[in-house]
Amino acid sequence: MPDLPNLEKWDKVVMRLAPFPSGPLHIGNARMVILNDYYVKRYNGNLILVFDDTIGSAEKQVEPEAFDLIPQGLEYLGVEYHEVVYKSDRMDLFYRYAVDLMKKGHAYVCDCDANVWRKEHKIPGKACACRSLSVDENIARWEKMLDGTYPERSAAVRLKTGMTDPDPAMRDHVILRISETEHPRVGSKYRVWPLLEYSWGIDDHELGVSHIIRGKDLVKEGKIEKFIWDLYGWKDPELIYYGRLKFQDAKLSKSKSRQEVLSGVYSGWDDPRTWSLQSLERRGIHPDAIRKAMLDLGLSIVDISISMKSIYSENRKLRDADAPRVFFVQDPLWVSLLDFPEDIEYTEAPVHPDFPDRGTRRIPLGLENHSRILGIPTKDYDRIKDGALFRLKDLANFTLDKGKDPSIKFHSLHVDEVRKVGGPIIHWVPKANSVPVELTAIDGSTVNGLAEPYITNLSQGTFLQFERVGFARVFDTSDIIRVAFAHK
RNA sequence: GCCCCGAUAGUGUAGUCCGGCCCAGCAUAAGGGACUUUCGAUUCCUUGACCCGGGUUCGAAUCCCGGUCGGGGCACCA
């Protein structure tokens, strides 16, 4: 990663995380979070968590749970912040500066209709009458905004960024407006709320922020902030933008997630479909896998589209060595074991093939009505030809009989026999003693299956590998064992 | 319509500021081999890129101009 610009200008690197609390942080927010945390740690700086909980809009609403869900996600990612600030606690500050700006003639209260203003003033670049109001008239109007004389949308404070700016986006932007929506933290204490670019123009200075790393969707906001800093002659923080990050294999929608969680369609904020940090934690994604993948993207301002595979690949590197192996059969097809030596009542399979010292898992063959019945994956049953030789991994070699009562006939013990003919080696579970397991897939669906008895030795939180199926994490053992699929 | 930004293999990224060490490095993906009682890990090999056109220069991925394509902004959202 490159150095941060103009370090010599600042005594200390101070950065901030500014999530809008509408839900938990998800994988799409991870970049912003990790980039900021990375640089703060690199320069031994300060990181401020600022809940950007201004009133929002009908589409963007503050979700009270987010005040807990966000720190939870940060803790998981190993992000260290040194201070927590709520925008909604700083309204007096924003009001004070608003009045100051009006007194200095830099802002005015505009009572034009928003649509009219856009068509007749912004687009042609012509000032409205409100722009030339006296200071006293502006203050009088401001009081009317505060005391409720003006209904919602009938007046707003505009900053005089200039009506002739070639960029229409920069023409006298609104910086404060009226909203009577009740706020989850401060209720109806305030009816005038600042907009992002204004509140940050003030706060990045007030909080002593030295470097701002944010998505490039905020460059216009950055320009307005800079306008404010220049107005006051403040030292301007360094603005760094990165491009939009899309995941080819994950559809991210906070508003949809919120809706589905609240209505109960999703199992909760940790449902895999939310792609929340919580959901990734539940699946056993190591935070450093996310961190590594995000840092690998660098700071480019170009929009990029990556695959979750890069995170999964990092996760495998981080966790494969610790993941015990377990047999799990999702859709067992039961077969009788024929001609198998009766004195062999169980088999031993390595807990981890690369680390023999970790011992073995004992898989009893068990008896069901005096016979031995084993479950194999239906997919493998379909694939293996009638009469073909194959191997049950860590047990023995068999030939398959696809009669009306399917059975497998013992052939030989040693793996070489099946190797010679290139027969498949598949996993299996005994009918007796196996344990029901509910597996949550990435698409949120749950599938039921059976795992070998060894799984009961694994505590909640264990990251394991279902052989030939994929990696998963045990997230609940309270009733039935429940496991969340991580990746192949 | 107006404004801003960007363009290196399938996907990302390094290099671009201060032109030669880049016939372009790395990761991931894909394909193949070895190893392994997993479709995991490990290991070896292969595939594959400087948007286009001009210019400057002994020399350009790097500098300049034009074009093309892509993204974003123009909200009383964040």
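To find a chain, count down the sequence lines: A is the first, B the second, and so on, and within it residues start at 1. Here the structure is a predicted model, which means the values were calculated and not measured.
- You'll find that the side chain of A:V302 is closest to B:A7, out of B:C39, B:A7, B:G12.
- The side chain of A:D303 lies closest to B:G71 when the candidates are B:C77, B:G71, B:C39.
- Distance CG (A:L299) to P (B:C5): 18 Å, rounded to an integer number of Å.
- With A:W269 as the aromatic partner, A:R258 does not meet the cation-pi criteria of under 6.0 angstrom to the ring centre and within 45 degrees of the ring axis.
- Checked against B:G73, B:A41, B:U38, the side chain of A:K220 finds its nearest nucleotide in B:G73.
- One can place CD1 of A:I304 at 19 Å from P of B:G70, the figure rounded to the nearest angstrom.
- Using a 4.0 Å heavy-atom distance criterion, A:F327 is classed as making no nucleic acid contact.
- Residue A:R171 is out of contact with every strand shown, counting any heavy-atom pair closer than 4.0 Å.
- Among the protein residues, A:S179 comes within range of no part of the nucleic acid, since none of its heavy atoms lies under 4.0 Å from any strand.
- B:A49 and B:A34 have their P atoms separated by 28 Å, with the value rounded to a whole Å.
- Distances were taken from every side-chain heavy atom of A:I306 (C-beta onward) to each of B:G12, B:A78, B:G6; the shortest belongs to B:G12.
- Taking the side chain of A:R391 as heavy atoms from C-beta on, and the options B:G40, B:A7, B:U37, the nearest nucleotide is B:U37.
- When heavy atoms are screened at a 4.0 angstrom cut-off, A:D52 is found touching the sugar-phosphate backbone but no base atom.
- No close placement of the A:F466 and A:F327 rings is indicated, their centers lying 6.0 Å or farther apart.
- For the C1' atoms, the distance linking B:G48 with B:G66 amounts to 30 Å, nearest Å.
- Listed candidates were B:G72, B:G40, B:C3. Nearest to the side chain of A:P353 is B:G40.
- Separation of the P atoms belonging to B:A61 and B:G53 is 13 Å when rounded to the nearest angstrom.
- Residue A:Q248 places no side-chain atom within donor-acceptor reach of the base of B:U11, judged by atom type and a 3.5 Å distance cut-off alone.
- Look at A:K87 and A:D203 and you find a salt bridge, because one of the NZ, NE, NH1 or NH2 atoms lies within 4.0 Å of a carboxylate O, short of that distance.
- Between the side chains of A:R42 and A:Y38, at least one donor N or O sits under 3.5 Å from an acceptor N or O.
- Taking the nucleotide of RNA chain B with the nearest heavy atom to each of A:K292 and A:V469, the more 5' of the two is matched to A:K292.
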Does A:R361 form a side-chain hydrogen bond (donor to acceptor under 3.5 Å, both in side chains) with A:Y346? I'd like the steps, not just the answer. CA-CA 10 Å; A:R361 338 174 314 242; A:Y346 60 85; over 6 Å; no

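- Candidate nucleotides B:U38, B:A78, B:A75 were compared by shortest atom distance to the side chain of A:R118, and B:A75 ranks first.
- Residue contacts for A:P166: at a heavy-atom cut-off of 4.0 Å it reaches the sugar-phosphate backbone alone, with no base atom in range.
- To the nearest angstrom, P of B:G72 lies 17 Å from NZ of A:K223.
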